[in-house]
Amino acid sequence: MLDMKLVRTQTEYVKERLATRGVAATTIDDLIAHDTKRREAIQETEKLKALRNEVSERIAVAKRNKEDASAVIAEMQTVGTKIKELDAVVAESEEAMHAIASHLPNMPKEGIPVGPDEAANIEIRKVGQIRQFDFTPKPHWEIGEQLGILDFERGAKVAGARFLYYVGQGARLERAIYNFMLDEHQKEGYKEMLTPYMVNYDSMYGTGQYPKFEDDAYRVGTNEDMTLIPTAEVPLTNYYRDEVIPDEKLPVYFTAVSPSFRQEAGSAGRDTRGLIRLHQFNKVEMVKYVKPETSYDELEKMTTNAENILQKLALPYHVINLSTGDMGFSAAKTYDLEVWMPSQDVYREISSVSNTEAFQARRAHIQYRDADGKLQFVHTLNGSGLAVGRTVAAILENCQNADGTVDVPAVLQPYFGAAKITKEA
RNA sequence: GGAGACAUGGCAGAGUGGUAAUGCAACGGACUCGAAAUCCGUCGAACCCGUGUUGAGCGGGCGCGCAGGUUCAAAUCCUGUUGUCUCCUCCA
């Protein structure tokens, strides 16, 4: 949610920033028109309410003195009706404002690349050696199926397309990876959490998924209010919804592993094979609540925390700064980490680290008291550290051998219990 | 899933149609070399509107879990809803 005061006072600036995300200037004009109407109605209705309060007191006194007040009461009936009408205008205006404002994305931070889509993204750095194969590297789904550790067919039979079973060493590898990631993040100061996997509407609203992206989520239950989480960012960031975080707790660092459920509406036909795009996948998430003045330092640190995992796994990757058109709804600035996938000769997204500034905090009412004792919105950050399924894919592809086996990265061997993945019995 | 009780300020806790008690805490002041104690005073979250400013201040609205309704007037009456607790039921 944008700061309405900023929209009102710095209208041109807001229009300019949002234009880089495809928001028409007329949308902001509409928003302001409703706000103006709202404030005019408020001024009128509040005048009448002040009058009513004053007269009510006189009526009370008259009644106490057993005097007749019926004339004044009759007069106030009209006032009451008028107040109701004006309050309705206020409510309508607020509804209209909310309908617009709740769909407006965050303003991108100044200085990030401007462009309509991923073509405008900028590579920040490239890390790790891309391995030269002396055989043709296979895609991870082939490796996984031939080893018998990934079963897409039965996933489709039992649940549907974009679901799978991990089998034996596959399941064990998945568990080894997220245990390793959680341990690393704990060392970096993140508190490990285990969250609800279903959340209510307010939580989805607080982090910015709702109302604009309701089609991407899975609704469950009869009241339609519960939603399967599309990322642990939702329960982790809503942990402090409608609260004032005590000063001594800040900054708050959380990490959690959870399944992520996504409809993938609109991506039909894309990444239909393998672990890249599923309706359910595991992800280790990091979330931070910080004071505004530190949030961009914290963004760099969180990115480093995600990179650390890839470095320890010896997977080559690059870091890109997302353009205004490619960023998520709530983000003011986002770094994506993309891991090298040898079978396709491309980098694929494996982590996304964002600073939403006060955008989510304003929606979810997450505050702290500054040095003057005034309430301020915190800044919230979130980042994957990392997507577990895609990490499995990257390991299978980057660490495959000509004989079809896969070497397990050294740091995972204590978790996995072996140095090599072999054909599942 | 069934029955009942409860929901008021940072905390505790009165108030069943007519300006939201009181205590503790907090803040300011007095006393004191200083502090504690004591005394005096202030303070009812957040939010919104107007005026204005470094977002000082002033005036008003709103404000008793949330959303509606009745009324000149609602913490109070009515309806719905959410959460918590207790008992039963059920289960891991």
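Reminder, nothing fancy here: chain letters follow the sequence lines and each chain counts from 1.
- The separation between A/R8 atom CZ and B/C48 atom P is 9 Å, rounded to whole Å.
- In this structure, A/R38 places its CZ atom 15 Å from P of B/C62, rounding to the nearest Å.
- With respect to the salt-bridge test (charged N to carboxylate O, under 4.0 angstrom), the residues A/K49 and A/D87 qualify.
- For A/R39 and B/G50, the shortest distance from a side-chain N or O to OP1 or OP2 is below 4.0 Å.
- Comparing the same atom, C1', in B/A45 and in B/U8 gives a spacing of 12 Å after rounding to whole Å.
- Comparing B/A25 with B/C39, their P atoms sit 11 Å apart, to the nearest whole Å.
- Close to B/G61, at under 4.0 Å from its OP1 or OP2, lies a side-chain N or O of A/N53.
- Ionic pairing of A/K15 and A/D29 is present here: one or more N-O contacts between side-chain nitrogen and carboxylate oxygen are shorter than 4.0 angstrom.
- If you take atom C1' in B/G50 and the same atom in B/C43, they sit 24 Å apart, rounded to whole Å.
- Closest to the side chain of A/A60, from the set B/C49, B/G61, B/G18, is B/G18.
- Using atom C1' as the reference point in both B/C62 and B/C49, the two lie 10 Å apart (nearest Å).
- Rounded to an integer number of Å, the gap from CG of A/L86 to P of B/C49 is 16 Å.
- Ring centroids of A/H98 and A/Y205 are separated by less than 6.0 Å, placing the two rings close together.
- Taking a pair to require two hydrogen-bonding distances under 3.5 Å in either a Watson-Crick or a G-U wobble arrangement, B/C87 pairs with B/G2.
- Salt-bridge formation is not detected for the pair A/R262/A/D216: no Lys NZ or Arg NE/NH1/NH2 atom is positioned less than 4.0 Å from an Asp or Glu carboxylate oxygen.
- With both ends at atom C1', the span from B/U22 to B/C31 equals 27 Å, rounded to whole Å.
- Remark: A/R273 is not positioned above the aromatic ring of A/F152, lacking an NZ or CZ atom under 6.0 angstrom from the ring centre and at most 45 degrees off the axis.
- In the set B/G55, B/U19, B/C49, B/G55 carries the atom at the smallest distance from any side-chain atom of A/Q376.
- Searching all strands for a Watson-Crick or G-U wobble partner of B/A45 with both distances below 3.5 Å returns nothing.
- If you find the closest nucleotide of RNA chain B to A/L51 and to A/R369, the one lying nearer the 5' end belongs to A/R369.
- The partner of B/C62 is absent, by the rule that a Watson-Crick or G-U pair needs both atom distances under 3.5 Å.
- A/L48 places its CG atom 18 Å from the P atom of B/C49, with the value rounded to the nearest Å.
- Straight-line distance between the C1' atoms of B/G13 and B/A20: roughly 13 Å, to the nearest whole Å.
- Between the CZ atom of A/R362 and the P atom of B/A46 there is a distance of 18 Å, rounded to whole Å.
- For A/K109 and A/Y296, the positive end sits near the middle of the six-membered ring, less than 6.0 Å away and at most 45° from its axis.
- Figure legend. B/C77 is base-paired to B/G69; pairs are counted as Watson-Crick or G-U wobble with both atom distances under 3.5 Å.
- Nearest-nucleotide positions on RNA chain B for A/V61 and A/Q367 put A/V61 closer to the 5' end.
- Donor-acceptor pairing under 3.5 Å, judged by distance alone, is present between the side chain of A/E46 and the base of B/G60.
- Under the Watson-Crick and G-U wobble criteria, each requiring two contacts below 3.5 Å, nucleotide B/G52 is left unpaired.
- Of the nucleotides present, B/A30 is the one that pairs with B/U38 by Watson-Crick or G-U wobble criteria, both distances under 3.5 Å.
- A cation-pi arrangement, defined by a distance under 6.0 Å to the six-membered ring centre and an angle within 45 degrees of its axis, is present between A/K288 and A/Y253.
- Look at the P atom in both B/C85 and B/A67: the space between them is 23 Å, to the nearest Å.
- Distance NE2 (A/H365) to C1' (B/C66): 14 Å, rounded to an integer number of Å.
- Taking atom CG of residue A/D242 and atom C1' of nucleotide B/A45, one finds them 14 Å apart after rounding to whole Å.
- Counting non-hydrogen atoms under 4.0 angstrom, A/R58 reaches nothing in the nucleic acid.
- What separates CE of A/M4 from C1' of B/C47 is a distance of 16 Å, to the nearest Å.
- The phosphate of B/U82 (OP1 or OP2) has no side-chain N or O of A/N200 nearer than 4.0 angstrom.
- Distance check on atom C1': B/C91 versus B/U76 gives 42 Å, rounded to whole Å.
- Between A/F254 and A/Y239, the ring-plane angle classifies as perpendicular under the 30° and 60° cut-offs.
- Here A/Q43 reaches the OP1 or OP2 of B/G50: one of its side-chain N or O atoms lies under 4.0 Å away.
- Taking every side-chain heavy atom of A/E57 into account, B/U19 is the closest of B/U19, B/G50, B/C62.
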Base, backbone or nothing for each nucleotide of nucleotides 67-75 of chain B, written B, S, -, heavy atoms under 4.0 angstrom, 5' to 3'?
---S-BS--
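- Both distances falling under 3.5 Å, in either a Watson-Crick or a G-U wobble arrangement, place B/C24 opposite B/G10.
- Comment: A/R270 does not engage A/E264 in a salt bridge, judged by the lack of any side-chain N to carboxylate O separation of less than 4.0 angstrom.
- Taken to the nearest 0.5 Å, the CD atom of A/Q280 stands 7.0 Å off from the CG atom of A/N282.
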